[in-house]
Amino acid sequence: MKKNSVHHKRELTPGDVAARCGVAVSTLHFYESKGLIVSFRNGGNQRRYHRDVLRRVAVIKIAQRIGIPLATIGEHLVQFPPGKRLSPKEWAQLTRKWREELDSRIETLTRLRDDLDGCIGCGCLSMEDCPLRNPDDRLSERGTGAILLEPEHR
């Protein structure tokens with residue numbers, strides 16, 4: 001067996017990192033373009049990563065799995081410089097903000113689920129009374145006619 005296996009290298013190739021983290025090399029390049037991870041070039045001008053990138057990619061994947069947008073992940077990771085492994089205290093600090101966002105999302109989804117339960121079987125989806133599409137007939141304040149129901153899609 002080789003003494004210099006992937007697990008003992010000080011610097012890792014993109015292929016090493018991709019294999020260890022379960023992501024595509026293109027994902028690593030994308031993360032790098034967004035400033036989430038950093039690489040360096042060796043003497044042969046080949047991209048290499050320090051070992052700490054393994055934990056950083058794991059943090060990114062965990063955050064993505066719970067639905068944290070990459071932009072938010074980047075905003076939070078910027079306080080922890082690349083090249084340094086996150087301590088348990090830093091991890092707690094990082095996840096505290098994510099927990100608040102996740103709790104808020106859970107609350108919103110729970111309310112939506114409860115409203116949905118009240119609507120099952122009715123099938124009306126009334127534009128005036130439906131608690132899912134137009135709570136308290138708020139859209140009537142904007143006038144008559146076709147009104148976009150999802151403001152984020154304007």
Side-chain angles (χ1 to χ4, degrees), residues 6-7 11-40 47-154:
V6 169
H7 299 289
E11 55 184 58
L12 303 169
T13 67
D16 294 338
V17 176
R20 295 272 307 271
C21 294
V23 299
V25 170
S26 60
T27 300
L28 298 175
H29 295 167
F30 178 74
Y31 289 168
E32 196 170 341
S33 75
K34 298 296 180 189
L36 300 171
I37 62 174
V38 296
S39 67
F40 63 94
R47 188 184 311 253
R48 294 291 183 261
Y49 295 96
H50 292 289
R51 293 181 56 76
D52 69 283
V53 80
L54 298 173
R55 174 143 318 160
R56 203 162 175 96
V57 171
V59 167
I60 294 165
K61 296 304 291 177
I62 289 166
Q64 284 184 302
R65 187 169 181 203
I66 61 174
I68 306 296
L70 279 179
T72 303
I73 296 168
E75 290 168 9
H76 293 169
L77 282 179
V78 76
Q79 47 188 315
F80 306 104
K84 180 185 172 291
R85 198 169 126 181
L86 285 175
S87 70
K89 182 179 178 181
E90 291 168 330
W91 173 251
Q93 178 185 346
L94 184 64
T95 59
R96 190 174 308 117
K97 293 178 183 178
W98 294 347
R99 179 180 296 274
E100 291 168 7
E101 186 174 327
L102 191 55
D103 286 343
S104 173
R105 213 170 325 137
I106 288 169
E107 183 181 315
T108 299
L109 287 171
T110 300
R111 276 195 319 271
L112 180 60
R113 182 206 56 211
D114 293 346
D115 287 345
L116 182 64
D117 286 346
C119 262
I120 291 178
C122 130
C124 76
L125 288 180
S126 166
M127 295 303 286
E128 283 121 20
D129 298 326
C130 181
L132 294 177
R133 300 300 288 166
N134 187 16
D136 302 319
D137 195 21
R138 283 183 286 187
L139 292 176
S140 67
E141 297 168 9
R142 295 172 60 194
T144 60
I147 297 173
L148 186 60
L149 297 175
E150 303 293 336
E152 64 270 9
H153 292 109
R154 286 183 196 181

What pair of heavy atoms forms the shortest contact from A18 to A24, and how long is it?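 Closest approach of A18 to A24, heavy atoms only: CB-C, 4.1 Å.
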Work out which heavy atom in S39 is nearest to a heavy atom in Y49; give both atom names and the distance.
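Taking S39 first and Y49 second, the nearest heavy atoms are CB-CE2, 3.5 Å.
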Can you list the residues that meet the side chain to side chain donor-acceptor pair (under 3.5 Å) rule with [X], with sequence neighbours excluded?
X	value
S26	none
R47	H29, E32
T13	D16

Could you grab the distance from atom [atom1] of [X] to atom [atom2] of [Y], nearest 0.5 Å is fine?
X	Y	atom1	atom2	answer
T95	H76	OG1	NE2	11.0 Å
R56	L77	CZ	CG	4.5 Å
L28	L36	CG	CG	11.0 Å

**Report entry** SB check R96 E100 (cutoff 4.0 Å)
**Finding:**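 Salt bridge absent between R96 and E100.
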Should the pair R111-E107 be classified as a salt bridge under the 4.0 Å nitrogen-to-oxygen rule?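 Salt bridge present between R111 and E107.
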- Quick one: ring pair (Phe, Tyr, Trp, His ring centres under 6.0 Å) partners of F40, sequence neighbours excluded?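 F40 satisfies ring pair (Phe, Tyr, Trp, His ring centres under 6.0 Å) with H50 only.
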What residues, two or more places apart in sequence or in another chain, satisfy salt bridge (charged side-chain N to carboxylate O under 4.0 Å, His left out) together with E75?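 Result, salt bridge (charged side-chain N to carboxylate O under 4.0 Å, His left out) vs E75: none returned.
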Atom pairs and distances, donor-acceptor, side-chain atoms in residues 59-70, under 3.5 Å, two or more places apart:
from : atom 1 : to  : atom 2 : distance (Å)
Q64  : OE1    : Y31 : OH     : 2.8

* R85 atom CZ, over 12 foreign heavy atoms within 6.0 Å ->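 Open.
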- Residues W98, L102; criterion side chain to side chain contact (heavy atoms under 4.5 Å, CB included); working and verdict: CA-CA 6 Å; W98 294 347; L102 191 55; over 6 Å; no
